Amino acid sequence: MWHGRIRLMHEAYDVHGIQEKWLPVWDQIEPFKSGRPGDARPKKYVLDMFPYPSGDLHMGHAEAYALGDVIARYWVQKGFNVLHPIGWDSFGLPAENAAIKRGIDPRVWTYENIAVQKASMRRYACSFDWDRTLHTSDPEYYKWNQWLFLEFYEKGLAYRKDSAVNWCPNDQTVLANEQVIGGLCERCYTPVTKKKLNQWYLKITDYADRLLDDMNSLEGKWPEKVLMMQRNWIGRSHGAEVVFEIEGRAEPITVYTTRPDTLYGATFMVVAVDSALAAELAAGSKAESAFKEYLEKTKAASDIDRLATDRPKSGIFLHRHAINPVNGEKLQIWVSDYVLADYGTGAIMAVPAHDQRDLDFARAMGLPVRVVVKTEEEDAFVSGVATAGDGALINSGSLNGLTKDEAIAKIIEELAEKQLGKSAKNYRLRDWLISRQRFWGTPIPIIHCPSCGEVPVPEDQLPVELPDATGLDLKPKGSSPLGAADEWVNVPCPKCGEAAKRDADTMDTFFDSSWYFLRYTSVQFHDRAFDIEAVKTWLPVDQYVGGVTHAILHLLYSRFVTKVLHDMDYLEFEEPFTRLLNQGMVQMDGSAMSKSRGNVVRLSDELATHGVDAVRLSLVFAGPPEDDIDWADVSPSGSFKFLNRAWRISGDVTSQPGVDFKNGDIALRKVTAKSLFDISFAVESFRFNVAVARIMELVNATRKAIDTGCGGGDPAVREAAEAIALALSLVAPYTAEDMWERLGHKPAIALAGWPTIDESLLGAESVTVVLQISGKIKDRIEVPPNISAAELEKLALENDLIKREIAGAQIKKIITVAPKLVNIVI
RNA sequence: GCCCCGAUAGCCCAAUGGCAGAGGCAGAGGACUUAAAAUCCUCCCAGUGUGGGUUCGACCCCCACUCGGGGCACCA
């Protein structure tokens with residue numbers, strides 16, 4: 001009695017005990033080490049987006065890494081050599097801001113946080129290969145950032161230009177277009193202003209067509225949403241460039257339009273107020289002072305003001321004229337802020353009848369409107385609504401009577417003949433601005449020499465290391481803190497030896513993350529950024545897992561850098577990530593967790609209360625991975641109860657390891673086989689929640705078999721219990737490992753291999769067929785699964801219930817789907 | 001304003017043109033226990049947002065709408 005009681009207590013599912021027990025064992029076995037010499041297993045590269053080291057891991061990390069782990073561990077069980085690395089995206093503003101606030105070196109803050117996160121990840125039992133860790137803030141890593149930048153530079157893909165850039169007055173740094181969300185800084189939500197600066201750019205626009213067209217190969221493998229957002233972002237449009245002569249100017253002006261068919265409907269021209277062209281056209285005209293005043297007003301307006309959609313149109317007539325090339329008409333030239341200086345040529349032909357913006361402007365300024373496409377809609381001048389639809393061309397000379405598409409083709413041909421135009425494409429995408437005026441980033445490896453100009457730092461002098469932050473004022477002041485590090489910034493020119501200065505800006509951290517997936521293959525390789533052979537072995541990434549927040553930025557940049565490296569013959573592939581899974585966010589009570597809302601669920605608390613496995617299981621089981629999870633809807637205590645239930649099964653198995661399953665209870669064996677089959681299928685189609693549900697079913701069936709069926713000694717129960725442990729090892733590694741030991745096996749279960757399914761067990765002996773009359777179910781019968789349609793139909797017609805129903809009725813049709821149903825239509 | 005995604009039981013979610021319910025949460029009852037916890041068993045609940053259409057048959061395909069979520073928004 002007492003003995004039994006003590007034994008039971010010792011055998012309770014001790015969730016924290018098993019964590020302490022197995023972690024050191026795994027540290028010794030290292031089940032997830034990839035790329036050992038002579039490993040003959042086929043490869044898989046499973047990649048989780050690497051974290052930014054701000055504090056400890058949170059619920060969002062927990063979900064993402066639990067999902068990535070299911071995939072990685074599944075492929076390991078399936079016999080693949082899986083590369084599943086982790087690292088830290090450890091350069092960036094938060095480190096610097098925290099350092100300023102606390103007066104400590106950003107280095108110290110960063111690496112302390114990394115240590116905390118790393119420890120948490122190990123306890124969380126992520127299947128990472130810890131020998132392949134990298135930190136982008138290590139000189140060893142950013143050396144290759146600098147090398148890569150210089151490669152771009154040599155190929156003419158990195159260049160400097162003056163331009164009005166997005167400027168965050170709070171962070172005191174420039175931002176890429178991608179980092180401006182609705183006119184606000186994506187980090188601190190400060191309204192972004194414009195500032196004229198000389199900055200480094202990468203020529204991503206050279207790759208716009210490939211970035212767009214190659215997405216076709218990702219169709220069905222990446223979330224449709226991400227592909228859509230990227231296509232949108234690149235924003236390719238097709239149209240024509242048309243040349244307009246200008247009165248009193250030798251050079252004509254070229255405009256871009258997507259509707260060259262409406263050329264006869266052009267009634268004025270508009271030039272972007274902040275373009276060089278506008279300034280030149282205004283110079284000396286009687287509108288000059290009015291223009292200058294308007295330009296100043298425009299500059300003062302923030303992006304948010306400019307973005308307001310229902311803003312009234314404004315502009316100035318320059319008192320100059322352009323000539324419409326098709327009919328010789330004189331068109332007034334206006335400047336306005338609704339035309340963008342950096343899209344197309346910064347000048348447009350205005351066709352108010354068929355373009356809403358032009359119509360709004362024409363109505364505001366009292367300019368003429370001429371309809372050239374006859375549609376069913378009301379006259380634009382009267383309704384105030386421009387007609388964009390198709391129709392027959394009118395008032396358009398040789399184009400009259402044609403449809404839109406015909407007219408576009410014809411006018412382009414006519415213009416081309418006279419050298420007055422040609423077909424053209426344009427993109428919304430702009431070049432990637434990578435200079436940042438901050439300290440905690442990769443120094444740009446360029447030296448500015450008064451005689452030689454821009455001089456790349458010679459490769460043998462890389463890395464250009466960041467100076468010690470001690471003594472530097474890191475506070476934002478609009479220019480890089482590095483500029484004040486006198487000993488660092490003043491260097492002799494590598495070419496002529498004269499006194500010169502280093503470029504004091506650092507790189508956008510998105511540059512760091514645009515190639516890190518290559519470096520993981522070769523972290524111990526110090527001669528190059530990556531070992532071409534290792535990259536050939538592992539890349540492209542088979543499965544990428546991460547948040548949809550990076551749908552445009554990080555993924556577009558990574559695709560761009562991959563294509564550039566491909567063109568430099570470093571890579572054989574052109575798309576880095578074969579498949580992409582975007583996990584949803586973890587929320588609380590319907591909204592994102594945030595300190596200000598006070599609804600933050602602390603991961604460490606949940607882990608302490610319920611254990612690692614229960615938290616992981618809850619996150620995986622909560623729903624489809626791409627859906628948001630509301631923590632209020634999930635039950636970690638329920639997950640714990642289930643794990644407990646599963647674990648106890650391992651104690652009820654009384655047969656010995658290695659027993660021949662063939663002699664086991666056939667009914668349970670069939671459930672096990674079907675479950676394993678379904679679990680595989682669900683995991684491979686990212687329906688992890690369904691996979692977990694199938695494991696639960698198998699646990700229920702096994703419990704029943706032990707208690708009221710074949711009993712714990714039946715070999716089928718061992719087979720089922722082992723299947724449960726193996727399936728659970730994808731989600732609840734501690735519980736699974738402990739079960740595995742109790743079942744008499746040696747660690748690590750992660751390497752035990754996925755059970756082979758006896759196909760003969762998958763077929764049922766009989767299946768239920770539904771008998772319908774005119775689509776309504778009347779009866780169900782059991783038939784052999786391989787029954788022929790003719791036999792099934794015969795059985796149906798012999799069925800008593802059916803016979804009664806169809807007695808005296810005319811059978812119009814019989815639909816037989818063997819072995820599922822028979823539908824008799826009367 | 002334009003585009004995309006979604007809506008199934010009190011709640012989270014399954015069901016890939018063929019029996020609407022796999023799994024879980026919550027709830028109710030019972031067994032075991034001196035008692036509680038744990039455990040085990042049983043039960044409860046919707047006809048798939050609305051209106052049409054295609055089909056022998058629709059949660060599933062098509063059209064229109066309602067609601068919710070997301071993206072884009074002077075890009076000519």
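Each chain gets a letter, A, B and so on, in the order its sequence line appears, and its residues count up from 1. Computed from a predicted model, the values in this text were never measured in an experiment.
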Shorter than 3.5 Å, N or O on both sides, protein versus nucleotides 54-61 of chain B: list them out with atom names.
| residue | atom | partner | partner atom | Å |
| --- | --- | --- | --- | --- |
| B:C56 | OP1 | A:Lys813 | NZ | 3.0 |
| B:C56 | O2' | A:Asn823 | ND2 | 3.3 |
| B:C56 | O2 | A:Asn823 | ND2 | 2.2 |

Exercise. Hey, mind stepping through A:Asp678 and A:Arg694 against salt bridge (Lys or Arg N to Asp or Glu O under 4.0 Å) and telling me if it holds?
Worked result: CA-CA 7 Å; A:Asp678 287 351; A:Arg694 293 287 169 269; 3.6 Å; yes

When both hydrogen-bonding distances must be under 3.5 Å and the geometry is Watson-Crick or G-U wobble, what is [N] paired with, if anything?
N: B:C74; value: none
N: B:C40; value: B:G30
N: B:U66; value: B:A7
N: B:C59; value: none
N: B:G17; value: none

Below 4.0 angstrom from OP1 or OP2 of [N], is there any side-chain N or O of [X]?
X: A:Ser639; N: B:G24; answer: no
X: A:Tyr338; N: B:A76; answer: no
X: A:Arg428; N: B:A76; answer: no

Can you tell me how far [atom2] of [N] sits from [atom1] of [X], to the nearest Å?
X: A:Asp337; N: B:A76; atom1: CG; atom2: P; answer: 17 Å
X: A:Ile552; N: B:A73; atom1: CD1; atom2: C1'; answer: 13 Å
X: A:Leu619; N: B:G24; atom1: CG; atom2: P; answer: 19 Å
X: A:Ile724; N: B:G23; atom1: CD1; atom2: P; answer: 15 Å
X: A:Arg694; N: B:G24; atom1: CZ; atom2: P; answer: 11 Å
X: A:Phe677; N: B:A22; atom1: CZ; atom2: P; answer: 20 Å

May I ask you to check whether [X] and [Y] show a side-chain donor-acceptor distance below 3.5 Å?
X: A:Thr257; Y: A:Arg259; answer: no
X: A:Ser237; Y: A:Asn426; answer: no
X: A:Tyr427; Y: A:Thr205; answer: no
X: A:Asn700; Y: A:Arg645; answer: yes
X: A:His354; Y: A:Thr262; answer: no

Contact list (N/O, under 3.5 angstrom) for nucleotides 1-11 of chain B vs protein:
none

For this session: Please list all pairs passing the ring pair (Phe, Tyr, Trp, His ring centres under 6.0 Å) test where one or both residues lie in residues 620-644 of chain A, with sequence neighbours left out.
Result: A:Tyr13-A:Phe640

Exercise. What salt bridge (Lys or Arg N to Asp or Glu O under 4.0 Å) pairs are there with at least one residue in residues 618-641 of chain A, not counting sequence neighbours?
Worked result: none

Seminar exercise, completed: Assign each of A:Asp358 and A:Met229 the nucleotide of RNA chain B bearing its closest heavy atom; nearer the 5' end lies the nucleotide of A:Met229

Find every protein N or O atom lying less than 3.5 Å from an N or O atom of nucleotides 47-49 of chain B, and list the pairs.
none

Exercise. Would one find more than 12 heavy atoms of other residues, nucleotides or ligands at under 6.0 Å from atom CZ of A:Phe677?
Worked result: no

For this session: Report which part of the nucleic acid A:Asn700 touches: base, sugar-phosphate, or nothing (heavy-atom distance under 4.0 Å, all strands).
Result: sugar-phosphate

Exercise. Which is true for A:Phe681 with a 4.0 Å heavy-atom rule: it touches a base, it touches only sugar-phosphate, or it touches nothing?
Worked result: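 Result for A:Phe681 = base.
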
[X] side chain to [Y] backbone, donor-acceptor under 3.5 Å:
X: A:Thr345; Y: A:Thr254; answer: yes
X: A:Glu241; Y: A:Gly344; answer: no
X: A:Tyr294; Y: A:Asp337; answer: yes

Which atoms of nucleotides 38-40 of chain B (N or O only) lie under 3.5 Å from a protein N or O atom, and what are those distances?
| residue | atom | partner | partner atom | Å |
| --- | --- | --- | --- | --- |
| B:U39 | O3' | A:Arg648 | NH2 | 2.8 |
| B:C40 | OP1 | A:Arg645 | NH1 | 2.5 |
| B:C40 | OP1 | A:Arg648 | NH2 | 3.1 |

Seminar exercise, completed: CE (A:Met593) and CE (A:Met585) are apart, to the nearest 0.5 Å, by 10.5 Å

Exercise. Nearest of B:C13, B:A76, B:G24 to any side-chain atom of A:Tyr343?
Worked result: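 Minimum distance to the A:Tyr343 side chain belongs to B:A76.
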
Exercise. Quick one: is the NZ or CZ of A:Lys313 closer than 6.0 Å to the six-membered ring centre of A:Tyr338, and within 45° of its axis?
Worked result: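 The answer is yes, since A:Lys313 meets both limits relative to A:Tyr338.
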
Problem set entry | Chi-based syn or anti call at B:G57, which uses purine or pyrimidine torsion atoms and a 90° bound |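 You should classify B:G57 as anti.
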
Exercise. So, do A:Phe361 and A:Phe268 have ring centers that fall under 6.0 Å from each other?
Worked result: yes

